[in-house]
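Only one structure is covered here, and it is reproduced in the block below.
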Amino acid sequence: IIYTCIDTQFEATVTYTDDVQHGITSRANWAVTGSNSATIETSGILHTSSDTIEQLTVSAEFYGISGQLILTTDTGQINTIFTYDQDQQINSLRLKVGERKQIAAKASFDAGTLIELTDISQNADWQVSHQSMLGVTNRGELKGSLLALKPGDTLLNATCSGLAGTVTINIEGNSDFDSLLINDGSESLTLKQGNSIDLQLLATYIENASVVNISEFTNWSLINADLV
């Protein structure tokens with residue numbers, strides 16, 4: 001049994017024909033099945049967030065050899081979710097248009113599970129009520145990172161195991177762009193058949209001189225989409 005919302009580190013070891021064992025945790029290909037929300041990192045760290053009990057299968061594969069472990073989640077141990085700006089617990093936050101801010105979600109658990117507050121930022125599902133105002137990264141190392149897009153008030157929720165920590169976000173400033181550049185600003189990009197290219201949209205706001213990468217919060221579209 002594992003506790004939902006708490007990171008679980010798995011390790012993988014391979015045994016060769018001469019009975020010599022080597023740790024391969026960072027080199028194995030990890031996968032998790034049995035859940036729509038559980039994810040596992042390349043380092044073997046499992047993240048869970050479902051509000052229902054799940055039976056998960058965690059597997060590790062290394063050069064055609066694989067092993068797996070079946071486990072059950074316990075969703076009833078988490079009590080309260082709090083949101084933090086660095087070490088300060090917050091219920092509200094003020095941002096300027098174009099400003100980025102990394103916040104964290106921490107949770108308290110039933111006595112006997114964990115004594116101290118536990119960071120659950122990588123397990124939580126981050127959602128914002130007005131996506132046009134505030135962008136929130138919901139995957140990767142920067143999960144929980146905010147980007148203020150337009151002025152106004154909105155709510156940010158960090159949800160895990162059916163509970164949520166909520167922050168009121170107030171965004172101030174002018175959302176007009178001084179410039180928008182795709183990649184380095186070239187008017188055309190050359191792409192050979194079968195190849196791919198990473199696109200970035202870089203914005204400079206009138207009231208914020210710094211260049212801001214807004215790629216993940218951009219609606220991309222193609223003309224002559226049958227060619228790409």
[X] side-chain N/O to [Y] backbone N/O, donor-acceptor pair under 3.5 Å:
| X | Y | result |
| --- | --- | --- |
| S59 | G67 | no |
| T25 | A12 | yes |
| Q200 | L181 | no |
| T83 | V167 | no |

Worksheet item: How far apart are the C-alpha atoms of N79 and D110, what are their side-chain angles, what is the distance that settles it, and do they pass the side chain to side chain contact (heavy atoms under 4.5 Å, CB included) test?
Response: CA-CA 6 Å; N79 281 331; D110 285 345; 2.7 Å; yes

Could you work out, with side chain to side chain donor-acceptor pair (under 3.5 Å) as the rule, every residue matching [X], not counting sequence neighbours?
| X | value |
| --- | --- |
| E61 | N29 |
| T168 | none |
| T137 | E216 |
| Q21 | T15 |

Fill in: Option among T8, T39, D7, T118 that satisfies the side-chain hydrogen bond (donor to acceptor under 3.5 Å, both in side chains) test with N123
D7

Quick check for you: to the nearest 0.5 Å, what is the distance between [X] atom [atom1] and [Y] atom [atom2]?
| X | Y | atom1 | atom2 | result |
| --- | --- | --- | --- | --- |
| N174 | K150 | CG | NZ | 12.0 Å |
| L93 | I169 | CG | CD1 | 4.5 Å |
| H47 | K143 | NE2 | NZ | 7.0 Å |
| S26 | E11 | OG | CD | 10.5 Å |
| Q55 | T73 | CD | OG1 | 9.5 Å |
| L156 | I103 | CG | CD1 | 4.5 Å |

Discussion item. Per the disulfide (SG to SG under 2.5 Å) rule, what does the pair list look like for residues 43-80, sequence neighbours excluded?
Written reply: none

If two hydrophobic side chains count as joined below 4.5 Å and joins carry through other members, does [X] share a cluster with [Y]?
| X | Y | value |
| --- | --- | --- |
| F10 | I24 | no |
| I65 | Y63 | no |
| I1 | I53 | no |
| V97 | V136 | yes |
| W30 | L56 | yes |

Going by side chain to side chain contact (heavy atoms under 4.5 Å, CB included), name the residues that satisfy it together with [X], two or more places apart in sequence or in a different chain.
| X | result |
| --- | --- |
| Y16 | V14, D18, H22, F62 |
| I182 | L199, L201, W220 |
| T52 | S50, E54 |
| L163 | I78, I81 |

Item to complete: Side-chain contact test, heavy atoms from C-beta onward, threshold under 4.5 Å: evaluate it for L71 versus T57 and give yes or no.
Response: no

Fill in: Within-4.5 Å side-chain heavy-atom neighbours: S145 and Q102
yes

Practice prompt. For the pair L155 and V128, evaluate side chain to side chain contact (heavy atoms under 4.5 Å, CB included) and give the outcome as yes or no after the intermediate values.
Written response: CA-CA 6 Å; L155 295 178; V128 62; over 6 Å; no

Quick check: closest heavy atoms across [X] and [Y], and the distance to 0.1 Å?
| X | Y | answer |
| --- | --- | --- |
| A38 | S35 | N-OG, 2.9 Å |
| N138 | A124 | OD1-O, 4.1 Å |
| A203 | L180 | CB-CD2, 3.5 Å |
| D51 | G162 | CB-N, 3.4 Å |
| A60 | A28 | CB-CB, 4.1 Å |

Item to complete: List the steps and the verdict of side chain to side chain contact (heavy atoms under 4.5 Å, CB included) for L134 and L146.
Response: CA-CA 7 Å; L134 183 70; L146 310 180; 4.0 Å; yes

[X] atom [atom1]: more than 12 heavy-atom contacts under 6.0 Å:
| X | atom1 | result |
| --- | --- | --- |
| Q9 | CD | yes |
| N36 | CG | no |
| N91 | CG | no |

Would you check if there is a donor-acceptor pair between the side chains of [Y] and [X] at a distance under 3.5 Å?
| X | Y | value |
| --- | --- | --- |
| T4 | S161 | no |
| N213 | S215 | yes |
| D125 | Q127 | yes |

Practice prompt. Dump the intermediate steps for side chain to side chain donor-acceptor pair (under 3.5 Å) on N157 and T159, then the final yes or no.
Written response: CA-CA 6 Å; N157 291 309; T159 304; 5.7 Å; no

Discussion item. List the residues meeting ring-ring contact (aromatic ring centres under 6.0 Å, His included) with F177, not counting sequence neighbours, and say none if there are none.
Written reply: Y205

Item to complete: Check the pair T80 / F109 against side chain to side chain contact (heavy atoms under 4.5 Å, CB included), numbers first and verdict last.
Response: CA-CA 7 Å; T80 309; F109 291 81; over 6 Å; no

Worksheet item: K101: what forms a salt bridge (Lys or Arg N to Asp or Glu O under 4.0 Å) with it, not counting sequence neighbours?
Response: D85

Discussion item. On the six-membered ring of Y84, is K106 placed so that its NZ or CZ lies under 6.0 angstrom from the centre and within 45° of the ring axis?
Written reply: yes

Worksheet item: Among pairs that include at least one residue of residues 123-157, which meet ring-ring contact (aromatic ring centres under 6.0 Å, His included), considering only residues two or more places apart or in two chains?
Response: none

